[in-house]
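The structure appears below as structure tokens.
When a ligand or atom number is given, it counts from 1 through the structure's own listing order. All residue numbers refer to positions in the sequence shown, counting from 1.
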Amino acid sequence: MEKRNIALFTPAFDVEACLDEIRVCLEKGWTGIGFKTLDIEREFGAYIDQPYCHFVNSNTSGIHLIFTLLKMTRNWADGDEVISSATTFVSANHSILHAGLTPVFADIDQTLCTPVAQIERQITPRTRAVLFVPIGGNAAELEQIQALCKARGLVLVLDAAHAAGSRLHGVSLSSYADYSIYSFQAVKNLPTGDSGLITLATAEENELVRHLSWCGINKDTYARSQDGYKWLYSVDEVGYKYNGNSIMASIALVQLKLLDAGNARRRALAALYQSQLAGLAQVQYIAHANEAESSRHLIQLIVQDRNGLIEYLEQQGIGSGVHYRSNSKYPMYAHNRTPVSDTLDEQIISLPCHLKLSDDDVAYVCSHIRQFYQR
Ligand SMILES: *Cc1c(COP(=O)(O)O)cnc(C)c1O
């Protein structure tokens with residue numbers, strides 16, 4: 001077989017449509033907050049069926065904003081606890097800390113998500129919220145977690161970085177949570193350059209979060225351009241500079257139109273991998289609870305000799321990844337005890353999954369995985 005060059009992730013853009021949308025901003029002379037950012041808030045909001053959406057510059061700042069907002073409006077104390085996971089991108093846990101709260105890790109299971117039983121074990125009198133990550137778009141035990149949070153008076157926040165277009169029983173995963181935070185980072189299912197979107201529960205929060213993401217200013221420049229008192233604004237809070245801009249929103253608007261078809265293709269790729277790796281004793285394919293509706297951001301396996309496999313695939317021109325190193329192995333989070341996260345950390349591998357991957361590429365990857373174990 002001739003050697004190929006297959007990346008783990010390669011974002012696909014409708015280049016001409018993106019450029020057309022961006023051109024509108026450049027010609028109008030409006031590239032900042034407002035204009036296209038309002039369009040994406042309305043359109044993505046309709047897509048996930050959420051009434052209050054705010055477009056921000058990343059998921060990381062979105063998580064910080066949500067927890068800052070919650071702490072402020074619900075009078076949470078410094079150090080109050082948020083149950084999170086060790087198996088996630090580290091910025092999510094940093095954002096909890098930035099808000100003055102304490103991330104407490106629930107351990108994962110073979111889905112790489114936190115099951116309800118592990119979350120329940122971590123509840124203390126200081127627990128205020130759960131930050132659940134549907135890894136790769138997997139809803140896992142989201143419904144049971146929603147029920148637990150309701151019963152115990154906890155806020156359920158969804159780190160929806162992998163979940164753009166992921167559904168369960170026909171509705172977006174956001175429908176099961178109180179708040180959610182999407183990522184439109186460069187290699188996510190809805191790629192821009194860097195941006196994200198948060199969902200809020202009430203009109204008041206929607207208003208307040210716009211001040212928080214714009215330096216605490218009570219009226220953004222776009223709103224000010226629409227009325228007589230252009231120069232007049234006030235500052236009520238110590239805010240952040242977390243707003244999204246119209247260039248990123250333009251790309252997001254175009255990419256949103258491709259999302260459902262893209263996710264369907266990802267599911268087809270996942271099914272191909274699953275069938276072509278079936279029966280290989282050294283490999284366990286990670287299925288999703290919502291397989292027919294999952295965004296399938298990731299295709300992951302639990303394997304033997306993971307590091308050897310990564311190196312072997314690399315030699316065949318195949319990129320792979322690890323999502324994620326257990327955050328409990330980082331010195332600053334090492335006080336958490338997550339034996340399953342720590343063990344799977346050395347056994348998980350993410351295979352190439354993107355819209356430029358052909359069926360033939362999947363066959364190439366799978367035959368090399370078989371060759372590796374049959375050497
Ligand atoms: C990508 C990612 C983030 C961070 O998203 P940004 O938009 O890059 O800040 C957070 N959590 C998870 C699970 C991610 O995959």
Looking at Tyr47, does the NZ or CZ of Arg42 lie under 6.0 angstrom from its six-membered ring centre and within 45 degrees of the ring axis?
no
Compute the shortest N/O to N/O distance between Asp159 and ligand 1 and return yes if it is under 3.5 Å, no if not.
yes
Does ligand 1 have an atom that lies less than 4.0 angstrom from a heavy atom of Ser91?
yes
Looking at every heavy atom in both Gly193 and Met248, which two are closest together, and how far apart are they?
N-SD, 3.3 Å
What protein heavy atom is closest to atom 7 (O) of ligand 1, reported as residue, atom name and distance in Å?
Ser183 OG, 2.7 Å
Need the ligand 1 atom indices (1-based, order shown) with element for anything under 4.0 Å from a heavy-atom of Val133.
13 (C)
Tyr242 ring center within less than 6.0 Å of His64 ring center
yes
Whether Tyr324 lies under 4.0 Å from ligand 1, heavy atom:
yes
Ala163, Ala161, Ser61: member with heavy atom nearest to atom 12 (C) of ligand 1
Ala161
So which heavy atom in the protein is nearest atom 8 (O) of ligand 1, and how far is it from that ligand atom?
Gln185 CG, 3.4 Å
Does the N or O separation between His162 and ligand 1 drop below 3.5 Å for any pair?
yes
Inspect the contact between Asp260 and Arg167 and indicate whether a charged nitrogen and a carboxylate oxygen are less than 4.0 angstrom apart.
yes
Any heavy atom of His297 sitting closer than 4.0 Å to ligand 1?
no
Ser58: numbered ligand 1 atoms lying under 4.0 Å from its heavy atoms
7 (O), 9 (O)
Strictly by modelled atom types, are Asn57 and Asp194 linked by a side-chain donor-acceptor pair under 3.5 Å?
no
Of the protein's non-hydrogen atoms, which lies at the shortest distance from atom 9 (O) of ligand 1, and what is that distance?
Thr60 OG1, 2.5 Å
Are the aromatic rings of Tyr364 and His368 close, with centres under 6.0 Å apart?
yes
Is the gap between the ring centers of Tyr333 and Tyr330 under 6.0 Å?
no
Considering both backbone and side-chain atoms of Asp194, is one of its nitrogen or oxygen atoms within less than 3.5 Å of a nitrogen or oxygen in ligand 1?
no
Could you tell me whether Lys329 and Glu346 have a side-chain N and a carboxylate O separated by less than 4.0 Å?
yes
Atom 2 (C) of ligand 1: the protein heavy-atom neighbour that sits closest, reported with distance to 0.1 Å:
Lys188 NZ, 2.7 Å
Decide whether an N or O pair under 3.5 Å exists between Thr88 and ligand 1.
no
Measuring only between side-chain heavy atoms, which start at C-beta, is Ile63 closer than 4.5 Å to Val157?
no
Side-chain donor or acceptor of Ser95 paired with backbone N/O of Ser91 under 3.5 Å:
yes
Among protein heavy atoms, which lies nearest atom 5 (O) of ligand 1, and at what distance?
Asn59 CB, 3.2 Å
